[in-house]
Amino acid sequence: MKEDLSYILNHLGEDREKYFNAVSPPVIQTSNFCFRDLQQFRQAFTDELEHHIYTRGNNPTVAILRKKLAALEGAEDALVLSSGSGAIAAAVISQVKAGDHIVCVQSPYSWTQALLTKLLARFGVTHTFVDGKSMEAITQALQPNTRMLYLESPSSLTFELQDLQACAQLAKERGLVTIIDNSYSSPLFQNPIRHGIDIVVHSGTKYLNGHSDVVMGVICSSREIIKKIFESELMTLGAILQAHDAALAIRGLRTLELRLRRCDESARLIASRLAAHPKVERVTHPLLPGHPQYELARKQMSGTGGLFSAYFKVDEREKMEAFVQELKHFLLAVSWGGHESLILPSVGFYNIPGRQDTHVDWKLVRFYIGLEDPEWLWADLENGLKIL
Ligand SMILES: *Cc1c(COP(=O)(O)O)cnc(C)c1O
């Protein structure tokens, strides 16, 4: 059984007697560790993941964070890296070799897409993007050399889901490894390992740290897979999280549950009001009735957090631009998962010199609802909507 959530967030992994009974863990700001004698030195080298030799490998502050994250996902172990993209790249690379094929959901996170289409393509690893809503499409994309099924459910851009249990079962039958980017749901609202998924990755930059001041990534999996990634990809690529950032993330995690419940409630309130507004064509939020995969979302997710999108009824691009710029309480920015509410309007991707993203639909806005008073946010939106 999963350990009590509040215990994990506030106490698990914190061996306070080791550091003067300080209630907050120390930042062990050191690159190096020394040994009493040769016996201790040799002992450490039997398992670098368990001993302290050098901070690119193991660091005590970082280890506290790893323990909490593994417990949150119900995984045997976890690694933290210096970004979500770094974690995704390390996890994917650890499982493939030249000649292998990856089946990946369509429109994954942009740098995951780049990993497959640009980086891994150069090393002889091929891929097929599929409509992850359809098990038939996934099955049909499998080739004799398919090694991995890469999922992102829900997608943080399109909010499309995959049936995790069905995907895990198919992968087991065909001998594939499954990886999911679980950043959207966080470990609070969806635990893919329980559905049989092998590796869970997160952009810890989002909800896990939650205060928009650390970039980090997480990999959760079996002890065996984590050890393999540690000994090869993590140590070789060296994309580690620094101790100071780990301490900030441990502090951020203390309030994970409080923050996410607040984001979740406020986002549902604002998304429902938007859905009922005459200037809104549709709202895409996995846990509001009307989402095409609502039943599946209810089956495998217990909440959503603050992210959803809205498609507006507007006939001129200039009006859309004016609406976006009229909003005072939503910051215009990429990313999400912090304290502050954000908008990412597709219209922002128009007229960027040297970029051809004009296929994006400019009537679409992605919203992230943070920790502010939802009524204060709603008043701002209602005011802005007068422009459309
Ligand atoms: C932000 C994000 C990432 C990348 O994480 P970084 O920490 O920015 O490298 C990966 N997947 C999803 C769904 C994201 O939102």
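Both ligands and their constituent atoms are indexed starting at 1 by order of listing. The first residue in the sequence is number 1, and the count goes up from there. Since the model is a prediction, treat every value here as computed from it, not as a measurement.
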The closest protein heavy-atom partner of atom 4 (C) of ligand 1 is Tyr109 CE2, 3.3 Å
With heavy atoms of Met216 as the reference, note each atom of ligand 1 found under 4.0 Å away.
-> 7 (O)
Atoms of ligand 1, numbered as shown, that sit under 4.0 Å from any heavy atom of Thr205 | 6 (P), 7 (O)
What atoms of ligand 1 come closer than 4.0 angstrom to any heavy atom of Ile88?
-> 10 (C)
State the atoms of ligand 1, each with its element, that fall below the 4.0 Å cut-off from a heavy-atom position in Gly84.
-> 5 (O), 6 (P), 7 (O), 9 (O)
With a 4.0 Å cut-off, would you call Lys133 and Glu160 a salt bridge?
-> yes
Within the 4.0 Å heavy-atom cut-off, what Ser156 brings close to ligand 1 is side chain
Give the contacting part of Trp336 toward ligand 1: side chain, backbone, both or neither, where contact means a heavy-atom distance below 4.0 Å.
-> side chain
Under a side-chain separation threshold of 4.5 Å, the hydrophobic residues clustered together with Phe35 are Phe41, Phe45, Ile53, Tyr54
When the ring centroid of Phe312 is compared with that of Phe323, is the distance short of 6.0 Å?
-> yes
Should the proximity of Thr112 to ligand 1, defined as any heavy atom under 4.0 Å, be assigned to the side chain, the backbone, both, or neither?
-> neither
Output yes when Asp77 and Arg223 qualify as a salt bridge under the 4.0 Å nitrogen-oxygen rule, no when they do not.
-> yes
Can you pull out the closest protein heavy atom to atom 15 (O) of ligand 1? Residue, atom name and distance to 0.1 Å, please.
-> Lys206 NZ, 2.6 Å
What salt bridge (charged side-chain N to carboxylate O under 4.0 Å, His left out) pairs are there with at least one residue in residues 228-257, not counting sequence neighbours?
-> Glu14-Arg254, Lys227-Glu231, Glu257-Arg261
